[in-house]
Amino acid sequence: MPTNTVSRRAFLKTGTFAGAAAFVPVTGSAVRHVGPVAIASGNGRGCVAEAVRQMQAGADALDAVVAGVNLVEENPDDTSVGYGGLPNAEGVVQLDSAVMHGPTGRAGAVAALEGVMYPSRVALQVLRRTDHVLLVAEGAQAFARMHGFPIENLLTERAREVWVRWRENLSNRDDYLPPHGSEDRDLGRAMRRSYDHWGTIHCSAIDLTGNISSVTTTSGLAFKIPGRVGDSPIIGAGLYCDNDVGAAGSTGRGEANLESLASFLIVERMRAGDSPQDACLFACQRIADNTRLARLQNENGEPAFNVSFYALNKAGVVGGARIRGSGGRMAVADADGTRMVDLAYLYA
Ligand code: GLY
């Protein structure tokens, strides 16, 4: 067994389940405090604090991470998630979210969901109240309505004004592409302008019983083609969780991650012995290797976009990495408090 992972059998042997914080030896004489621990993307400082607060009160990791991201979903000032998220090309806010529950291995997700402020809660209902994993568009909204979710207008004045500005300045900045070859550049908007972003929040956690769960939620790419779905609600891409190994999730250019299923890859790398940070860097490198079209590369042949990954393993070790640039951070909370941790990166 790799030194930086703890099998469920080894964990159970510690006899520290249910109601007490678990302490698990990880290397030599070092002792690491395991649950509760929560990680999130850089916009999740309040989210991880809330998730840990709930887990300290006995909440399951799944309920805790959803409660954490709800704070961001309902925040009108976060223009990349839930209420206040920037809309699609037609001015409609379409939301994607997924949850995964380590103990059961079950997942639930919604995509292109309109009018529901808390898509992560609907994803949770898909997990708990259906035999399916992913519901989309009208079907997802009908399911939400059936479970009592109010259908609301999620387009804030601020988001509407940004959308109108985009619409009034359309040029080669949309996502439709003319016929082109792999060497063609300056097509579409792969080189992001200031108002183009893929926001999103991911959160994973280990609770007091040592169980792991994850959630990712987003309004996706601003001004996307209606119906476009990113990586966030796709199990294995926007998040993945294995109760014996750990969890991972992403933010950034969803298209690149969809073509590499990197959250699954990260968890498998951790299973093989990588630290969370090394596993995230491995995923970044895989995406870079898979980026072969000139329109997606800068003048050095590197990806011109960013994808960030966040991971934790069963022993409570956390780490993250992104493709481009120093300065990326992730939010971490545990019994010692809440802090921001630097992300490793592939290219300056
Ligand atoms: N990573 C979020 C998205 O691409 O929609």
Side-chain angles (χ1 to χ4, degrees), residues 39-44 47 69 72-73 78-89 92-100 109-114 119-120 123 134 136-137 140 154 159 163 166 173-175 188-193 195-204 214-240 247-266 280 283-284 286-287 290-291 296 303-311 320-325 328 330 343:
I39 60 166
S41 39
N43 53 348
C47 164
V69 299
V72 182
E73 289 175 322
D78 190 314
T79 56
S80 70
V81 178
Y83 180 55
L86 291 177
N88 66 19
V92 178
V93 179
Q94 288 187 328
L95 304 174
D96 301 334
S97 183
V99 294
M100 194 159 182
V110 290
L113 172 63
E114 297 176 11
S120 62
L134 175 60
V136 305
L154 303 181
W163 170 65
W166 172 79
R173 299 178 184 184
D174 63 23
D175 292 315
R189 54 169 178 165
M191 310 299 167
R192 293 285 135 182
R193 277 43 176 209
Y195 51 65
D196 295 337
H197 70 160
W198 286 269
T200 301
I201 181 164
H202 167 77
C203 181
S204 285
S214 303
V215 61
T216 301
T217 183
T218 189
S219 52
L221 174 64
F223 321 128
K224 58 196 172 187
I225 294 174
R228 177 265 186 192
V229 173
D231 57 334
S232 301
I234 305 303
I235 307 304
L239 79 179
Y240 197 75
S250 67
T251 60
R253 179 179 157 81
E255 282 70 12
N257 188 16
L258 280 169
E259 290 167 342
S260 295
L261 291 180
S263 290
F264 179 74
L265 177 63
I266 290 165
C280 290
C284 291
R286 175 65 59 83
I287 288 176
N290 285 345
T291 301
L296 297 173
F305 53 83
N306 228 336
V307 185
S308 302
F309 296 104
Y310 320 91
R322 65 180 184 177
I323 294 176
R324 299 214 63 92
M330 63 190 285
L343 300 182

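Counting convention: from 1, in listed order, for ligands and their atoms alike.
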Checklist entry - Under 3.5 Å, N or O to N or O, is G220 touching ligand 1 that way? => result no

Next on the checklist: Below the 3.5 angstrom mark, is there an N/O of G252, backbone or side chain, next to an N/O of ligand 1?
Outcome noted: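 Yes, G252 has an N/O under 3.5 Å of an N/O on ligand 1.
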
Residue [X] vicinity, atoms of ligand 1 by number, heavy atom under 4.0 Å:
X	result
G230	5 (O)
D231	1 (N), 2 (C), 3 (C), 4 (O)
S232	1 (N), 2 (C)
T200	1 (N), 2 (C)

Checklist entry - Does V229 offer a backbone N or O that forms a donor-acceptor pair with the side chain of D96 under 3.5 Å? => result no

Checklist entry - Is it the case that more than 12 heavy atoms not belonging to R324 sit under 6.0 Å from its CZ atom? => result yes

Item to check | Donor-acceptor pair between E73 and S120 side chains, under 3.5 angstrom | outcome: yes

Checklist outcome for this item: With sequence neighbours left out, the residues meeting side chain to side chain donor-acceptor pair (under 3.5 Å) with D231 are S250, N257

Checklist entry - What residues, two or more places apart in sequence or in another chain, satisfy side chain to side chain donor-acceptor pair (under 3.5 Å) together with S97? => result none

Checklist entry - Roughly how far, to the nearest 0.5 Å, is CG of L86 from CG of L221? => result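 Taking CG in L221 and CG in L86, the distance rounds to 9.5 Å.
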
Checklist entry - Taking non-hydrogen atoms only, is H202 closer than 4.0 angstrom to ligand 1 via side chain, backbone, both or neither? => result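 No part of H202 comes within reach of ligand 1.
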
Checklist entry - Would you call R228 a ligand 1 contact, heavy-atom distance under 4.0 Å? => result yes

